[in-house]
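A short write-up of the structure that comes next.
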Amino acid sequence: MSKVKVPYIAPSEITPEFVGQSRRRWLQQAGFGVAAALASDAFGLRDAMSATLPPSLPNSTYQLDEKLTSEKDITTYNNFYEFGTDKSDPSRYAGAMQTEPWTVSIEGEVEHPGVYDMDSLLKLASMEERVYRLRCVEAWSMVIPWQGYSLAILLKKVGPTSKAKYVEFVTVEQPKNMRGISAHILDWPYVEALRIDEAMHPLTLLTFGLYGKSLPNQNGAPVRVVVPWKYGFKSGKSIVKIRLTEQQPVTSWVKIAPSEYGFYGNVNPQVPHPRWSQATERRIGAGVFAPRAETLMFNGYADQVATLYTGMDLKRNF
Ligand SMILES: Nc1nc2c(c(=O)[nH]1)N[C@H]1C(S)=C(S)[C@@H](COP(=O)(O)O)O[C@H]1N2
Ligand SMILES: [Mo]
């Protein structure tokens, strides 16, 4: 049974009044953001863009009826190796990343290549709030209310050519501002990629915020990808380039450790990582005595995405 739950708000309930309420809630948050910015600076949180992040409505199709991970855990327990390999490094050091101005270049096998600034990206579609589980390969998980819209909206706008088989995501590279880059853990810039049908799947989210605020730097400001049925490493942060290609891109983790990290990175409790089981997960924030949770196939999204892999050997294509 899939754990992904249906509407906690039916489309019929999204009345003008609800939109009004949601907008009021948004404005409150935006106002609150000024005061919160002072407090949150201690965590290196970034709130400058929240004033321009449009209000978002809960998505009625893709929700999860699980307890949300706290904002504090989501923003202080991170993987962003450009800032160091310790879970606390990103929240300590990502404040140095320059996120304004920011552009995302869309290139390769597309009919309409181009460079988008944040305003034009934000205007492209209305913002939805979607609660997804982020499942990291080292067997921990969080449940996060993200804000964004389906990447498919952007991809359809630029028009993939008939040769476009893969979509590559490239993270910004700022050696002076990213203290982890000098340690050659990975071959920078961080590169991730999806097959085009995975990238076009409505679950794949182009993500601008979490908990009603623009993304903190440590979570991939100002724009990142979230692919909820895959291990966390597939969801590239702080994206500056999206390239559509005919050949399968060589992604950062596959390049450095091909026996440990596959191109697909689908959450699969039946296929252990060479150094640890992936059958269970530790919920961040649940407390040290909380029982580990059983990891679900495709992170609980099997009903939505299993057909993408029909006929594939998932032990080989891990
Ligand atoms: N550019 C970049 N993106 C990245 C990473 C990284 O090191 N660099 N780490 C990945 C991994 S391993 C995980 S688990 C998630 C963590 O996202 P979060 O810190 O927002 O929870 O980001 C992914 N995206
Ligand atoms: Mo991860």
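Residues: numbered from 1 along the sequence shown. For ligands, and for the atoms within them, numbers begin at 1 and follow the listed sequence.
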Using a 6.0 Å cut-off, check whether atom NZ of K157 has over 12 heavy atoms from anything other than its own residue. no

Quick one: which of V250, V254, V170 gives a side chain to side chain contact (heavy atoms under 4.5 Å, CB included) with V191? V170

Determine whether the side chains of W253 and Y190 contain a donor N or O and an acceptor N or O closer than 3.5 Å. yes

Scan side-chain atoms only and decide if E71 and Y211 contain a donor-acceptor pair under the 3.5 Å cut-off. no

Centre of F263's six-membered ring, under 6.0 Å away, within 45 degrees of the axis: is that where NZ or CZ of K234 sits? yes

Could you give the distance from NZ (K230) to CG (L203), rounded to the nearest 0.5 Å? 11.5 Å

N/O to N/O under 3.5 Å, ligand 1 against protein:
unit_1	atom_1	unit_2	atom_2	d
ligand 1	1 (N)	E82	OE2	2.9
ligand 1	1 (N)	T171	OG1	2.9
ligand 1	3 (N)	K237	N	3.2
ligand 1	7 (O)	Y81	N	2.8
ligand 1	8 (N)	E82	OE1	2.8
ligand 1	9 (N)	N79	O	3.4
ligand 1	17 (O)	R224	NH2	3.4
ligand 1	17 (O)	K237	NZ	3.4
ligand 1	19 (O)	N78	ND2	2.8
ligand 1	19 (O)	N79	N	3.4
ligand 1	19 (O)	K237	NZ	2.7
ligand 1	20 (O)	N219	ND2	2.9
ligand 1	20 (O)	R224	NH1	2.7
ligand 1	24 (N)	S235	O	2.8

